[in-house]
Amino acid sequence: RWLIAGAIVAGGATLAAALAVGGPGPVPSDGDTPTLAGGMQPLPLSETQERRLEYDAAFTSRRTAGSTPIGLDHTKYLGDTIGEIAGEKAGIIKPESIAVLAAQESDAAQVLLRRAAEVDATVAREGSEFGVVSRAIAVGGQVLTLQGLAGVYDELFVPLHGAHHAQNTAVALAAVEAFLGAGADTGVIDVEVVREALVGASSPGRLEVVRGAPTVIVDAAHNPHGMA
């Protein structure tokens with residue numbers, strides 16, 4: 001089932017901000033305060049809240065929540081297992097919202113789906129409602145064809161390398177579609193707007209080419225999932 005709300009974006013600036021792969025998530029509309037993993041408001045932050053902020057794996061608004069793959073991360077604060085960590089991050093899924101979920105390990109998937117059922121949220125899953133159709137290496141990045149919630153988007157150049165960035169882009173696009181109310185009955189977001197937004201994406205330190213001739217690549221990670 002689909003929860004259709006809002007309107008299709010008219011310009012590229014808002015979509016560009018929302019589609020920024022390294023950012024915290026969709027740009028809020030008036031009266032739509034973004035919420036971070038664990039259900040916390042951005043400000044003010046206590047010391048405990050600062051420790052639990054998870055921009056890299058989850059982003060949300062009151063209307064839409066999105067999660068890229070959950071792995072062992074900040075175990076000192078979030079828990080020692082995938083299930084425990086997913087339990088912390090599942091709090092971003094709000095009542096009657098749309099939860100856009102990347103493919104997850106089974107323990108994480110069970111926790112996220114249980115939370116969605118508890119709060120009557122609509123679920124969009126990678127590999128079912130959206131996903132990466134194809135990707136090809138290109139100079140300076142990769143060219144993607146993505147299945148979105150509203151249809152197929154092709155010839156999307158993303159100046160980022162690696163399959164994980166293709167996956168993150170698919171999640172980001174689906175989350176923006178859900179946030180804007182785009183679905184099968186509305187048609188896709190203007191593909192030129194999407195292309196314009198993605199061409200400006202950046203993710204410093206993740207398979208980042210910092211020099212050519214010779215090629216120098218910087219790739220940093222702070223957990224096993226990021227090193228895989």
Side-chain angles (χ1 to χ4, degrees), residues 9 11-27 54-59 64 66-71 73 100-105 108-109 124-180 182 187-228:
V9 67
T14 298
L15 182 63
L19 280 173
V21 175
V27 175
E54 288 304 305
Y55 283 102
D56 57 342
F59 49 84
T64 307
S67 178
T68 55
I70 294 173
D73 200 18
V100 178
L101 306 179
Q104 304 284 346
E105 293 189 24
R125 298 160 296 174
E126 181 188 4
S128 181
E129 287 76 30
F130 72 93
V132 179
V133 176
S134 67
R135 70 183 190 94
I137 297 174
V139 176
Q142 55 189 314
V143 176
L144 308 177
T145 297
L146 302 180
Q147 173 65 55
L149 302 181
V152 175
Y153 300 79
D154 60 5
E155 298 183 9
L156 304 177
F157 175 74
V158 182
L160 304 170
H161 300 277
H164 60 295
H165 280 311
Q167 181 184 40
N168 289 349
T169 302
V171 174
L173 176 58
V176 170
E177 287 182 302
F179 184 76
L180 297 175
V188 299
I189 299 171
D190 186 338
V191 68
E192 292 302 327
V193 174
V194 177
R195 289 170 181 158
E196 178 186 350
L198 291 177
V199 77
S202 65
S203 185
R206 295 304 312 273
L207 288 179
E208 180 185 9
V209 178
V210 296
R211 181 179 177 180
T215 300
V216 178
I217 297 175
V218 174
D219 190 31
H222 67 281
N223 62 3
H225 199 187
M227 297 172 63

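- Here Arg135 pairs with nothing under the salt bridge (charged side-chain N to carboxylate O under 4.0 Å, His left out) rule; sequence neighbours left out.
- Residues Val188 and Tyr153 have side chains in contact (heavy-atom distance under 4.5 Å, counting atoms from C-beta outward).
- In this structure, the side chain of Gln104 does not engage the main chain of Gly71 through any donor-acceptor pair within 3.5 Å.
- Remark: Thr68 OG1 to Leu101 CG distance equals 10.5 Å, nearest 0.5 Å.
- Closest heavy-atom contact between Ser67 and Val171: O-CG1, 4.1 Å.
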Using side-chain contact (heavy atoms from CB on, under 4.5 Å), reason through His222 and Asp73 one step at a time and then give a plain yes or no.
CA-CA 8 Å; His222 67 281; Asp73 200 18; 2.8 Å; yes
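- In this structure, Leu144 CG and Leu198 CG are separated by 8.0 Å, a value rounded to the nearest 0.5 Å.
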Under 3.5 Å, which donor-acceptor pairs link side chains of residues 207-218 to any protein atom two or more places apart or in another chain?
from   : atom 1 : to     : atom 2 : distance (Å)
Glu208 : OE1    : Gly205 : N      : 2.8

Verdict with supporting geometry, Val152 and Gln147, side-chain contact (heavy atoms from CB on, under 4.5 Å):
CA-CA 5 Å; Val152 175; Gln147 173 65 55; 3.2 Å; yes
Verdict with reasoning, Thr169 to Leu156, per side-chain contact (heavy atoms from CB on, under 4.5 Å)
CA-CA 10 Å; Thr169 302; Leu156 304 177; 5.6 Å; no
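- When all heavy atoms are compared, the tightest approach of Phe157 to Ala138 is CE1-CB, 4.1 Å.
- Between the side chain of Glu126 and the main chain of Ala103, a donor-acceptor pair closer than 3.5 Å is present.
- Between His161 and His165, the closest heavy-atom pair is O-CD2, 2.9 Å.
- With contacts defined as side-chain heavy-atom distances shorter than 4.5 Å, the pair His225/Ile70 does not qualify.
- Smallest separation of non-hydrogen atoms from Thr64 and Ala175: CG2-O, 3.6 Å.
- When all heavy atoms of Asn168 and Pro69 are compared, the pair lying nearest together is OD1-CD, 4.5 Å.
- Listed here is the closest heavy atom pair of Arg206 and Ala220: CD-O, 3.1 Å.
- With salt bridges taken as basic N to acidic carboxylate O contacts below 4.0 Å, one links Asp154 and Arg195.
- Glu155 contributes atom CD, which lies 12.5 Å from atom CG of Leu146 (distance to the nearest 0.5 angstrom).
- Side-chain contact check for Ile189 versus Glu177: some heavy-atom pair is nearer than 4.5 Å.
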